[in-house]
Number of protein chains: 2
Amino acid sequence: MKTTPEQDHDAPATGPGAGLGTRERIVRAASRLMQRQGYEGTGIKQISREANATLGSVYHFFPGGKQELATEAIRHGDREFAGMLRTALESRPDPAEAVAATASLLAADLRASDWLDGCPVTATSLGAAANAPGIRSAAAEAFERWRGLVHDRLLATGFAAQDAHELAHTVINTLEGAELTAQIARSEEPLLIAGRHLARLIDSYR
Amino acid sequence: MKTTPEQDHDAPATGPGAGLGTRERIVRAASRLMQRQGYEGTGIKQISREANATLGSVYHFFPGGKQELATEAIRHGDREFAGMLRTALESRPDPAEAVAATASLLAADLRASDWLDGCPVTATSLGAAANAPGIRSAAAEAFERWRGLVHDRLLATGFAAQDAHELAHTVINTLEGAELTAQIARSEEPLLIAGRHLARLIDSYR
DNA sequence: GTCTATAACGAGATAGAC
DNA sequence: GTCTATCTCGTTATAGAC
């Protein structure tokens, strides 16, 4: 990990990216754009423009080019959703309720973006996964981490190990699929139904 | 619908596409390639090559260009999975078992393609949906049709209308999300767990 | 670290002969 | 319906001054 802060010649004083280093602005712009347009649909020039950085700076920080940048973008999306999920699980005593609340939150965020911002990890990795192993494995690690958060919380609240393992899988996968459908259908309904069904499924193992 | 058969100068006598008209070969090639590489990652020239057709033929049949072709490719994937789902639902008396069997079949197909062939509708529409309304709505119609098949079968086997409606949503969405995760993780496990959990969820409404 | 210019290539789409 | 040639534009990536 690189920790030395760069000099930040052109950091904007306001707007998204205010006060952030150049590298971080680039990663965030890449993550947001690939979330909406996918890996192949997003150009490096567009990323550099959106991040208020020059093309030279992008290749300075990411000599591996677009693939390296996409890998970082996926890790950024990973941390983002992991934070949301951890907060939900920690702030509610009942994991079933926490999952349903997360589904509602995803639905609200999706609507607020006019159905543009789906899962950044899925959008970025789908289609690039076949030819770019680094991108695929970064996405696999993200899903694994999210499952781990759910799994640990279920274990801590008294579920059997095998049940916790399997429930964690379905919780993440169903949220993923419902968010995708909600985005395509431009409706919150799939996510809201998913939240209720997941809570019911979890409760059925008590 | 166009029903007049074209003249088929160059239809290959063997291999994929044997005995098919040019238009159909193009649609199938587009569907298969976009399933693996996504909309933006697939070029029209690549499609025409794979379909044993010339670029001129592609634009002859699809004057709307890449977007029109992608729309047809999605409809093709729609019909394909609808057929698999209908067969499973009709060949088993218990819809819960039919859903679990479908999950297993998806897992086997995914592994057989070395984890390359995920859901063609998702792969093609994600990333293109924002800027191409026709593509988005074709994908929405596909999901709707699949849900309808499950919904009707649940109704016919005695489930309440509201339960059937909601279960159909979660069945399709969970299969979708589990297939996605299985592809990224290169493992059948997410789909097999999803099949069991969906059967359990359905049974809980009897 | 930042910036500009440009190389090298492939994309989508079109024109018009056959 | 098929085929080839071509136009125009955008892409990733690099070079080298500052």
Side-chain angles (χ1 to χ4, degrees), chain A residues 2-12 17 19-27 29-30 33-34 37-73 124 127-128 131-132 134-135, chain B residues 2-13 17 19-27 29-30 33-34 36-73 124 127-128 131-132 134-135:
Chain A
K2 183 176 184 305
T3 53
T4 311
E6 59 279 359
Q7 289 178 354
D8 249 351
H9 280 210
D10 235 355
L20 293 170
T22 303
R23 198 193 125 100
E24 185 65 16
R25 289 203 314 279
I26 293 170
V27 170
L33 287 170
M34 289 183 177
Q37 305 171 337
Y39 175 79
E40 301 279 1
T42 304
I44 294 200
K45 282 182 177 172
Q46 188 187 12
I47 293 172
S48 71
R49 201 182 324 122
E50 213 86 355
N52 284 105
T54 62
L55 195 58
S57 290
V58 173
Y59 280 98
H60 169 74
F61 287 109
F62 305 95
K66 199 179 178 179
Q67 290 199 9
E68 184 183 351
L69 188 42
T71 305
E72 281 313 307
T124 305
N131 299 325
I135 292 180
Chain B
K2 185 179 183 306
T3 53
T4 311
E6 58 281 358
Q7 288 178 353
D8 248 352
H9 281 208
D10 234 356
L20 293 171
T22 303
R23 198 194 126 100
E24 185 65 16
R25 289 204 313 279
I26 293 170
V27 169
L33 287 170
M34 289 182 178
R36 300 190 172 199
Q37 306 170 339
Y39 175 78
E40 300 278 1
T42 304
I44 293 199
K45 286 177 179 170
Q46 187 187 11
I47 293 171
S48 72
R49 202 184 321 124
E50 213 86 357
N52 283 104
T54 62
L55 195 58
S57 291
V58 174
Y59 280 97
H60 170 73
F61 287 110
F62 304 95
K66 199 180 180 181
Q67 290 199 9
E68 184 183 352
L69 190 41
T71 304
E72 280 315 305
T124 304
N131 299 326
I135 293 179

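Residue numbering restarts at 1 for every chain, and letters A, B, ... go by the order of the sequence lines. The structure displayed is predicted, hence computed values, not measured ones.
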Novice: Choose from D:dT2, D:dT12, C:dG12 the nucleotide whose nearest atom is closest to any side-chain atom of B:K66.
Specialist: C:dG12

Novice: Side-chain contact, heavy-atom cut-off 4.5 Å: A:Q67 with A:Y39?
Specialist: yes

Novice: So what does B:G56 touch, heavy atoms closer than 4.0 Å: a base, only the sugar-phosphate, or nothing?
Specialist: base

Novice: Atom CD of B:E68 to atom P of C:dT14: distance rounded to whole Å?
Specialist: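 To the nearest whole Å, that distance equals 12 Å.
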
Novice: When you compare the side chain of A:M34 with that of A:I47, does any pair of heavy atoms fall below 4.5 Å?
Specialist: yes

Novice: Within the structure shown, what part of the strands sits under 4.0 Å from A:T42 by heavy-atom distance: base, sugar-phosphate, or nothing?
Specialist: sugar-phosphate

Novice: So, taking the atom named NZ in A:K66 and the one named CG in A:L69, what distance separates them when rounded to the nearest 0.5 Å?
Specialist: 9.0 Å

Novice: Output the rounded distance in Å from NZ (B:K45) to P (D:dT6).
Specialist: 13 Å

Novice: Output the single nucleotide from D:dG1, C:dT2, C:dA11 whose closest atom is nearest the side chain of B:H60.
Specialist: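 Nearest nucleotide to the side chain: D:dG1.
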
Novice: Rounded to whole angstroms, how far apart are CZ on B:F62 and P on D:dT2?
Specialist: 12 Å

Novice: Want to settle it: does B:S57 or A:E40 sit nearer the 5' end of DNA chain D, counting the closest nucleotide to each?
Specialist: B:S57

Novice: Could you tell me the separation between the CG atom of B:L55 and the C1' atom of D:dT2, rounded to a whole number of Å?
Specialist: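 For the pair B:L55 CG and D:dT2 C1', the rounded distance is 11 Å.
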
Novice: Between D:dT11 atom C1' and A:R49 atom CZ, what is the distance in whole Å?
Specialist: 12 Å

Novice: What's the CD1-P distance between A:I47 and D:dG10, to the nearest Å?
Specialist: 17 Å

Novice: Compare the minimum distances between each of D:dG1, C:dT14, C:dA5 and the side chain of B:F61, then state the nucleotide with the smallest one.
Specialist: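 Comparing D:dG1, C:dT14, C:dA5 against the side chain of B:F61, the answer is D:dG1.
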
Novice: Does any part of the side chain of B:V27, heavy atoms only, come nearer than 4.5 Å to the side chain of B:F61, both counted from C-beta?
Specialist: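 In short, these two side chains do not touch, never coming nearer than 4.5 Å.
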
Novice: Looking at the side chain of A:T54, which of C:dT4, C:dG1, D:dT12 is the nearest nucleotide?
Specialist: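 Given the options C:dT4, C:dG1, D:dT12, the side chain of A:T54 is closest to C:dT4.
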
Novice: How long is the line joining CG of A:L69 and P of D:dT11, in whole Å?
Specialist: 15 Å

Novice: With a cut-off of less than 4.0 Å, is there a side-chain N or O of B:T22 near OP1 or OP2 of D:dG1?
Specialist: no

